[in-house]
**Student:** 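I'd like to ask some things about the structure below.
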Amino acid sequence: AKRQGKNQYFVYNMELDKMASRRMELEKDMQLALTKGQFVNYYQPKWNADTNYPTGFEALLRWKHPAYGIISPDEFIPIAEETGMIVSMTRWVLEQACRDCVQWNKHEPEPLTVSVNLSVKVFDSKNLMDMVLFALERSSLPAELLELEITETIVMNNVTDVVNQLKPLQDMGITISMDDFGSGYSSLGSLDLIPFHTLKIDKLFMQQSHSPAKRAVVNTIITLASQLNLQVVAEGVETEQQLDFLKASGCQVMQGFYFSKPMPRDQLDEWMAALNR
Ligand code: C2E
Ligand code: CA
Ligand code: CA
Ligand code: CA
C-alpha cells in the first residue's frame, strides 16, 4: 500500500510537471503565434427566434497550435492576460472580426452584427478606443454593427474607469453587452450606471434549466431587462425545450449549440446559405 502511495505521488508529480511545461511552452509560442497566423476567429450565430434568422455572430478565438492542435481560449486567454499579450491579441481579433463582418454583410438586406469579447486587461491598457477606431476605419465597418462583450467582473472591478472608457464608444454607436450575467456577484444597484444595451444570460442557467428556481431567475432577468429597456440574449441553448421556455418567457435572441457551434469563417457562409428565408 505504501509503495502504491508513492507511485501515485510520483504520477501526480509528473502530471503537474507536464502541465507546467505545457503552460511554459504555450507562453513562449504565443509570442510568435500571431505573426505566424495561428490564431483564428470562430463565429457563433445569435439567433432571433421571432424572425427565425440570425442577428449577428460572436467572435470566439481559437489557437491552432502546430503541436497541440486547437487550443481553447479558456486555456490560453488567462496566459495572454498574465503576459500582456492579450492587448495585441484583442487588436488582431477586432480587426479580423470587423473585416469578416463587412464580408458576410455583402449579400444581406438586413445588416448582421459582430461581437468581440474584451478582457479587463484591455481596459487597463487604455488602448481600447484607439484599437476600436483603427479596426473600424481599416475595415469600413459601421460602428453600429460592432458589439463589445464585457463581463460583470470587469465592470465591478473599477466602475468609474470602465464606464469612462465605454461611454465614448457607446456614443459612437457601438453596442455594449454584459456577458455571463447572473453568474458573478454583480451589484444590481450599479446596473443603471453602466452604459450597455444587452444582458447576456449566463449559460449556467440553461445547463440548470430543469430547476424551477433557475427558471424563475431567468424570468426575473428577462423582466428586469425589459424594464431597463435592455435587450436580452440567452447563451448555451442546446435543446428545443430550452428554446420553447425562453420564447415563452419573452427572450427572442439566443445562442447555443442548438443553432450552431462556433465555426470558422468559410463554414459560416455555408451555414448562411443553408438557411431558409
Ligand atoms: P463566453 O464569451 O462566455 O463564450 C461562450 C462560450 O460558450 C464559448 O466557449 C462557446 O463556444 C460556448 N458555447 C456556445 N454555445 C454553447 C452551448 O450551447 N453549450 C455549451 N456548453 N457551450 C456553448 P469558448 O469558445 O471556448 O470560449 C470560452 C471563453 O473564452 C469565452 O466565454 C470568452 O470569455 C473567452 N474568449 C473567447 N474568445 C475571446 C477573445 O477573443 N477575447 C477574450 N478576451 N476572451 C475570449
Ligand atoms: Ca461572450
Ligand atoms: Ca458568456
Ligand atoms: Ca464565460
Side-chain angles (χ1 to χ4, degrees), residues 30 33-34 38-47 54 56-64 69-98 100-101 113-125 127-128 131-132 135 146-155 157 175-184 186 196 198-209 218 221 231-243 245-246 253-264 267-268 271:
M30 202 180 273
L34 256 187
Q38 290 171 6
F39 286 105
V40 188
N41 272 353
Y42 274 42
Y43 295 101
Q44 187 182 39
K46 301 194 177 188
W47 186 260
F57 296 87
E58 175 180 2
L60 293 157
L61 191 57
R62 300 288 181 264
W63 180 2
K64 290 196 171 156
I70 293 194
I71 303 177
S72 135
D74 283 331
E75 181 174 9
F76 68 78
I77 294 282
I79 303 176
E81 289 179 331
E82 242 175 76
T83 61
M85 260 287 288
I86 189 70
V87 179
S88 46
M89 200 180 270
T90 305
R91 190 187 301 275
W92 182 88
V93 171
L94 259 171
E95 285 174 30
Q96 188 64 48
C98 291
D100 285 342
C101 183
T113 61
V114 69
S115 313
V116 171
N117 290 286
L118 293 183
S119 150
V120 67
K121 298 286 178 222
V122 172
F123 286 91
D124 292 345
S125 79
N127 277 327
L128 182 57
M131 279 161 61
V132 169
L146 177 62
E147 177 173 55
L148 301 173
E149 298 197 0
I150 59 170
T151 59
E152 355 173 31
T153 351
I154 296 184
V155 183
N157 192 41
T175 303
I176 316 287
S177 180
M178 185 76 89
D179 205 354
D180 299 351
F181 188 75
S183 68
S186 72
F196 66 106
T198 306
L199 276 183
K200 265 187 108 165
I201 305 175
D202 193 78
K203 61 174 178 291
L204 175 120
F205 291 98
M206 286 305 114
Q207 281 154 3
Q208 299 174 9
S209 60
V218 170
I221 296 177
Q231 298 290 313
V232 61
V233 177
E235 65 174 17
V237 178
E238 294 183 2
T239 67
E240 195 171 357
Q241 288 94 301
Q242 292 167 340
L243 163 73
F245 158 65
L246 288 165
V253 184
M254 322 172 186
Q255 233 179 318
F257 297 164
Y258 182 73
F259 307 102
S260 168
K261 292 205 164 170
M263 54 200 157
Q267 266 180 26
L268 184 153
W271 185 84

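These figures come from a predicted structure and were not determined experimentally. Whatever order the structure lists ligands and atoms in, that order sets their numbers, starting from 1.
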**Student:** Could you tell me the separation between the CD1 atom of Ile86 and the CG atom of Asp124, rounded to the nearest 0.5 Å?
**Tutor:**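 Result: 11.5 Å between the selected atoms.
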**Student:** Check Gln255, Lys46, Glu58 against Ser115 for a side chain to side chain donor-acceptor pair (under 3.5 Å) and give me the one that passes.
**Tutor:**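 Of all the options given, the one that passes is Lys46.
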**Student:** Looking only at N/O atoms, are Ile86 and ligand 1 under 3.5 Å apart anywhere?
**Tutor:**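 No: no nitrogen or oxygen of Ile86 is under 3.5 Å from one in ligand 1.
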**Student:** With respect to Ser72, determine whether any N or O atom, backbone or side chain, lies less than 3.5 Å from an N or O atom of ligand 1.
**Tutor:**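 Among all N and O atoms of Ser72, none is under 3.5 Å from an N or O of ligand 1.
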**Student:** With distance as the sole test, does Gln44 use its side chain to make a donor-acceptor pair with the main-chain N or O of Ser260 at under 3.5 Å?
**Tutor:**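 At least one qualifying donor-acceptor pair exists.
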**Student:** Any N or O of Gln255 that comes nearer than 3.5 Å to an N or O of ligand 1?
**Tutor:**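 So ligand 1 has no N or O lying under 3.5 Å from an N or O of Gln255.
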**Student:** What atom name does the N, O or S atom of Glu58 nearest to the Ca ion (ligand 2) carry?
**Tutor:**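 Looking only at N, O and S atoms of Glu58, the one nearest the Ca ion (ligand 2) is named OE2.
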**Student:** Pro262 heavy atoms, cut-off 4.0 Å: which ligand 1 atoms fall inside?
**Tutor:**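 Here the atoms of ligand 1 in question are 11 (O).
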**Student:** Side-chain contact test, heavy atoms from C-beta onward, threshold under 4.5 Å: evaluate it for Thr239 versus Gln242 and give yes or no.
**Tutor:**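 Counting from C-beta outward, Thr239 and Gln242 do come under 4.5 Å.
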**Student:** Quick one: does ligand 1 sit under 4.0 Å from the side chain of Ile77, the backbone, both or neither, non-hydrogen atoms only?
**Tutor:**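 Looking at Ile77 and ligand 1, just side chain atoms fall under 4.0 Å.
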**Student:** Closest N/O/S atom of Asp180 to the Ca ion (ligand 3), by atom name?
**Tutor:**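 Of all N, O or S atoms belonging to Asp180, OD1 is the one nearest the Ca ion (ligand 3).
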**Student:** Look at atom 28 (C) of ligand 1 and find which of Asp74, Thr90, Leu60, Thr151 reaches it with the closest heavy atom.
**Tutor:**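 It is Asp74 that holds the nearest heavy atom.
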**Student:** With heavy-atom distances below 4.5 Å as the criterion, would you say the side chains of Leu60 and Asn117 are in contact?
**Tutor:**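 Yes, side chains in contact.
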**Student:** Could you tell me if any non-hydrogen atom of Glu81 lies under 4.0 Å from any atom of ligand 1?
**Tutor:**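 No; Glu81 lies far enough from ligand 1 that no heavy-atom distance drops under 4.0 Å.
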**Student:** Could you tell me whether Glu238 and ligand 1 have an N or O pair separated by under 3.5 Å?
**Tutor:**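 Indeed, backbone or side chain, Glu238 has an N or O that close.
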**Student:** Using only N, O or S atoms, tell me which atom of Asp179 is closest to the Ca ion (ligand 3).
**Tutor:**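 This residue's closest N, O or S atom turns out to be OD1.
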**Student:** Counting only heavy atoms, which portion of Lys261 has something under 4.0 Å from ligand 1: side chain, backbone, both, or neither?
**Tutor:**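 Neither; nothing of Lys261 gets under 4.0 Å from ligand 1.
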**Student:** Got an N/O contact under 3.5 Å between Pro73 and ligand 1?
**Tutor:**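 For ligand 1, there is no N or O atom that lies under 3.5 Å from one belonging to Pro73.
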**Student:** Are any N, O or S atoms from Asp202 nearer to the Ca ion (ligand 3) than 3.0 Å?
**Tutor:**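 No, Asp202 does not qualify, because none of its backbone or side-chain N, O or S atoms lies under 3.0 Å.
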**Student:** Less than 3.5 Å between some nitrogen or oxygen of Glu58 and one of ligand 1, yes or no?
**Tutor:**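 For ligand 1, there is an N or O atom that lies under 3.5 Å from one belonging to Glu58.
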**Student:** Take Leu128 and Phe123, measure what side-chain contact (heavy atoms from CB on, under 4.5 Å) needs, and give me the verdict at the end.
**Tutor:** CA-CA 6 Å; Leu128 182 57; Phe123 286 91; 3.6 Å; yes
**Student:** To the nearest 10 degrees, could you say what angle the Ca ion (ligand 2) makes with OD1 of Asn117 and OE1 of Glu149?
**Tutor:**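 Centred on the Ca ion (ligand 2), the OD1/OE1 angle is 90° (to 10°).
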**Student:** Gln207 heavy atoms, cut-off 4.0 Å: which ligand 1 atoms fall inside?
**Tutor:**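 Those qualifying, in numeric order: 21 (N).
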**Student:** Below 4.5 Å, heavy atoms only, C-beta onward: do Pro54 and Trp271 meet side chain to side chain?
**Tutor:**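 Heavy-atom side-chain distance check passes, below 4.5 Å.
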**Student:** Can you tell me if CD on Glu238 sees more than 12 non-hydrogen neighbours from other groups inside 6.0 Å?
**Tutor:**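 Atom CD in Glu238 is crowded, with more than 12 foreign heavy atoms closer than 6.0 Å.
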**Student:** Closer than 4.0 Å to some heavy atom of Gln44 - which atoms of ligand 1 meet that?
**Tutor:**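 So the atoms of ligand 1 that pass are 14 (C), 15 (N).
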**Student:** Side chains of Val232 and Ile201, heavy atoms from C-beta outward: is any pair under 4.5 Å?
**Tutor:**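 Yes. Closest side-chain heavy atoms under 4.5 Å.
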**Student:** Look at the rings of Trp63 and Phe76 and say which category their plane angle falls in: under 30° parallel, 30 to 60° tilted, over 60° perpendicular.
**Tutor:**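 If you compare the ring of Trp63 with that of Phe76, the planes turn out perpendicular.
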**Student:** Under a 3.5 Å cutoff, is there a donor and acceptor pairing between the side chains of Thr113 and Glu147?
**Tutor:**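 On atom types as modelled, these side chains do not qualify, holding no pair under 3.5 Å.
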**Student:** Which residue from Lys121, Lys203, Glu75 reaches closest to atom 7 (O) of ligand 1 through any of its heavy atoms?
**Tutor:**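 Answer by nearest heavy atom: Lys203.
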**Student:** Need the ligand 1 atom indices (1-based, order shown) with element for anything under 4.0 Å from a heavy-atom of Glu235.
**Tutor:**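 Result: 3 (O).
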**Student:** Considering Ser183, Ser115, Ser119, Gly256 one by one, which has a heavy atom nearer to atom 44 (N) of ligand 1 than any of the others?
**Tutor:**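 It is Ser119 whose heavy atom sits nearest to atom 44 (N) of ligand 1.
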**Student:** Would you mind telling me if ligand 1 is within reach of the side chain of Asp179, the backbone, both or neither, using heavy atoms under 4.0 Å?
**Tutor:**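 Side chain only.
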**Student:** Verify, without hydrogens or angle tests, whether Glu149 (side chain) and Asp179 (backbone) share a donor-acceptor contact under 3.5 angstrom.
**Tutor:**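 Judged by distance alone, no pair lies under 3.5 Å.
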**Student:** Would you please test Thr175 and Phe196 for side-chain contact (heavy atoms from CB on, under 4.5 Å) and show each step?
**Tutor:** CA-CA 7 Å; Thr175 303; Phe196 66 106; over 6 Å; no
**Student:** Mark up the atoms of ligand 1 that fall under 4.0 Å of a heavy atom belonging to Val93, in ascending order.
**Tutor:**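 Taking each heavy atom of Val93 in turn, ligand 1 has 41 (O) under 4.0 Å.
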**Student:** Can you tell me if Asn41 uses its side chain to pair, donor with acceptor, with the backbone of Val93 under 3.5 Å?
**Tutor:**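 Answer holds: yes.
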**Student:** Pull out every atom of ligand 1 sitting under 4.0 Å from any heavy atom of Asp180, numbered as shown with elements.
**Tutor:**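 Once the distances to Asp180 are compared, the set is 3 (O).
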